[in-house]
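Here's the structure we're looking at; comments come further down.
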2 protein chains.
Amino acid sequence: MSDASISNKRGAAVISFASIKAACKDCSLRELCLPRGLDDRELMALDQTVKRRRIVRKGEHLYRMGDPLQLLYAIRSGAMKTSELLGDGRIQVTGFQLPGEILGIDAIDGDRHRCNAEALEISEVCEIPWVKLEELAQRIGGLQHQLLRLMSGEIGREGQLLLMIGKMSADERLLACLYNFSQRQTRLGLSPTDIKLHMSRQDLGDYLGLALETVSRLFSRFQEEGLLTVRGKYVHLTNLETIHTRLG
Amino acid sequence: MSDASISNKRGAAVISFASIKAACKDCSLRELCLPRGLDDRELMALDQTVKRRRIVRKGEHLYRMGDPLQLLYAIRSGAMKTSELLGDGRIQVTGFQLPGEILGIDAIDGDRHRCNAEALEISEVCEIPWVKLEELAQRIGGLQHQLLRLMSGEIGREGQLLLMIGKMSADERLLACLYNFSQRQTRLGLSPTDIKLHMSRQDLGDYLGLALETVSRLFSRFQEEGLLTVRGKYVHLTNLETIHTRLG
DNA sequence: CGTACTATTGAGCGACCTCAATTGGCGTGG
DNA sequence: CCACGCCAATTGAGGTCGCTCAATAGTACG
């Protein structure tokens with residue numbers, strides 16, 4: 001949808017988008033992403049480091065648990081999910097990523113990815129060789145700071161999720177999750193009240209520590225209570241104020 | 001216990017330990033902590049950056065949610081816990097920290113601490129001014145790498161906890177937690193089978209997303225099953241093999 | 001030796017899960 | 001264009017794990 005230029009949906013790639021060179025300085029997401037706060041000269045250096053852009057189709061993986069760390073990924077369009085899994089197949093989704101967000105930094109300690117990263121829909125990502133990026137961060141103070149900030153942010157987000165799953169009731173979890181989506185969509189210049197759920201109910205459940213049926217029932221109940229209206233993947237928050245206050 | 005020199009338990013500090021200067025190069029935890037992999041010259045520079053050592057008593061806080069980020073803390077002895085809380089008082093413990101581990105890195109994004117850090121028993125920490133450390137990391141490649149590694153490790157640990165709380169049953173959670181304690185104690189050169197629980201049952205419950213009564217009941221059940229023996233804060237794992245296999 | 005806190009154990013209940021049937025949306029092929 | 005099949009989502013019934021409330025036992029410390 002957001003990538004109208006890709007018309008052929010199942011055959012081999014018709015046009016080799018994969019080799020298009022990225023250019024942070026022209027990217028609309030610059031201030032949300034890794035380059036935030038860098039000056040023109042530094043931006044050029046970063047651009048030379050970023051390898052290329054790449055299209056990932058729905059269901060395709062950027063990496064899997066155990067893969068050696070080679071690239072970080074910055075999302076340009078689309079949506080991804082990261083998940084860990086237990087030996088017997090139980091899944092915990094650890095995050096959903098939107099444009100401007102970075103994937104892969106969990107793997108720096110241990111040099112291997114600790115989770116799977118899968119596209120929820122057709123997406124475009126920038127590939128960033130980790131070794132080069134670390135070298136560059138050594139030379140550019142602002143980039144080191146930005147990297148540390150990104151990682152710290154990830155820690156904060158996981159802490160939030162921990163609090164949600166560990167101490168919130170099912171309805172609080174889903175509400176907090178929707179509120180979070182609303183805020184992140186706003187950051188991207190989209191509506192705070194009209195949310196697109198890029199993931200399935202199953203994914204939402206696996207993220208919030210709930211069964212998919214519980215998620216579905218909650219949507220119905222919220223609708224009865226007049227908090228929102230649902231139509232498939234689209235949720236309209238009719239009462240953002242109430243939602244905010246109900247979260248304390 | 002580990003700090004026999006501190007005899008006066010509730011009055012004002014008799015001896016001013018607080019101003020003792022740290023010395024990474026002489027520290028037995030060097031290879032577990034921030035200085036890992038640094039050479040002698042770099043170690044000297046780091047030593048000049050580390051502010052001082054400090055004693056924290058049981059129940060004392062290193063920082064609280066909302067405090068501005070000024071110092072990171074490296075634990076030399078004792079044990080700490082970090083926790084987040086909801087408006088209405090509900091608590092989620094996000095981690096327990098042992099000697100050689102670093103506290104405070106959650107605050108880099110946003111410049112304010114996102115959790116409370118409280119001593120579980122009398123402990124000794126090294127204070128590290130964050131601003132100086134970041135500057136130093138800009139000059140010392142190994143230190144930048146070490147910082148990034150530490151943060152990535154924190155992300156990994158939180159991810160593990162997420163998986164535990166989100167997708168494991170109560171008994172699996174406690175077992176996984178004990179197994180983790182066993183591994184970390186081993187790293188410190190202590191026994192893999194004789195574990196000291198530095199925290200209360202309440203804290204354990206708040207960490208694992210369980211009621212304290214559930215934790216207590218599980219200990220009793222594990223004892224009946226012959227997996228371990230409990231005496232207050234001391235747990236002896238009689239069957240580390242079985243525990244490991246039961247975790248898949 | 002008493003006080004206060006922490007841990008254990010029991011009984012009953014409720015939130016959320018599991019299993020199962022039904023409905024709805026969408027692409028594919030006749 | 002409609003029928004069919006497939007998958008996702010909804011809804012219902014019943015079960016269970018872990019919580020809450022409450023009483024008792026154990027432990028630390030003055």
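Lettering of chains follows the sequences in order, A, B, ..., and the numbering in each one begins at 1. When reading the values below, keep in mind they use all heavy atoms of this one structure, side chains included, and skip hydrogens, waters and symmetry mates. Just so you know, these numbers come straight off a predicted model, no measurement behind them.
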Checklist outcome for this item: Whole-Å distance, B:Ile122 CD1 to D:dA28 C1', equals 17 Å
Checklist entry - Parallel under 30°, tilted from 30 to 60°, perpendicular over 60°: which one fits the rings of A:Phe181 and A:Phe96? => result perpendicular
Item to check | Full working for salt bridge (charged side-chain N to carboxylate O under 4.0 Å, His left out) between B:Arg217 and B:Glu213 | outcome: CA-CA 6 Å; B:Arg217 271 185 259 269; B:Glu213 295 94 330; 5.6 Å; no
Checklist entry - Can you tell me how far C1' of C:dC16 sits from CD of A:Glu172, to the nearest Å? => result 14 Å
Checklist entry - Would you say D:dA9 has OP1 or OP2 under 4.0 Å from some side-chain N or O of A:Lys233? => result yes
Checklist entry - Given atom CD of B:Glu224 and atom P of C:dT8, what is their separation to the nearest angstrom? => result 13 Å
Checklist entry - When you look at B:Arg90 and A:Glu172, which way does the salt bridge (charged side-chain N to carboxylate O under 4.0 Å, His left out) test go after all the steps? => result CA-CA 13 Å; B:Arg90 279 177 287 180; A:Glu172 287 174 316; 2.8 Å; yes
Checklist entry - For B:Asp171 and D:dT16, what is the distance between atoms CG and P respectively, to the nearest whole Å? => result 16 Å
Checklist entry - Expressed in angstrom and rounded to an integer, what is the separation of B:Met164 atom CE from D:dG18 atom P? => result 13 Å
Item to check | Short side-chain donor-acceptor distance under 3.5 Å, B:His61 and B:Asn116 | outcome: no
Item to check | B:His198 NE2 to C:dT6 P, straight-line distance once rounded to whole Å | outcome: 18 Å
Checklist entry - In terms of heavy-atom contacts, does CD of B:Gln183 have more than 12 from other residues, nucleotides or ligands at under 6.0 Å? => result yes
Item to check | Nearest-Å distance for atom pair CG/C1', residues B:Leu174 and D:dG18 | outcome: 14 Å
Next on the checklist: Counting only heavy atoms and a strict 4.0 angstrom limit, can you tell me which residues of residues 202-221 of chain A come near DNA chain C?
Outcome noted: A:Gly209, A:Leu210, A:Ala211, A:Glu213, A:Thr214, A:Arg217
Next on the checklist: Take a 6.0 Å sphere around NZ of B:Lys58 and say whether it holds more than 12 heavy atoms from other residues, nucleotides or ligands.
Outcome noted: no
Checklist entry - Atom OH of B:Tyr234 to atom P of C:dT6: distance rounded to whole Å? => result 17 Å
Checklist outcome for this item: Assert: residue with more 5' nearest nucleotide on DNA chain C, out of A:Ala170 and A:Arg231, is A:Ala170
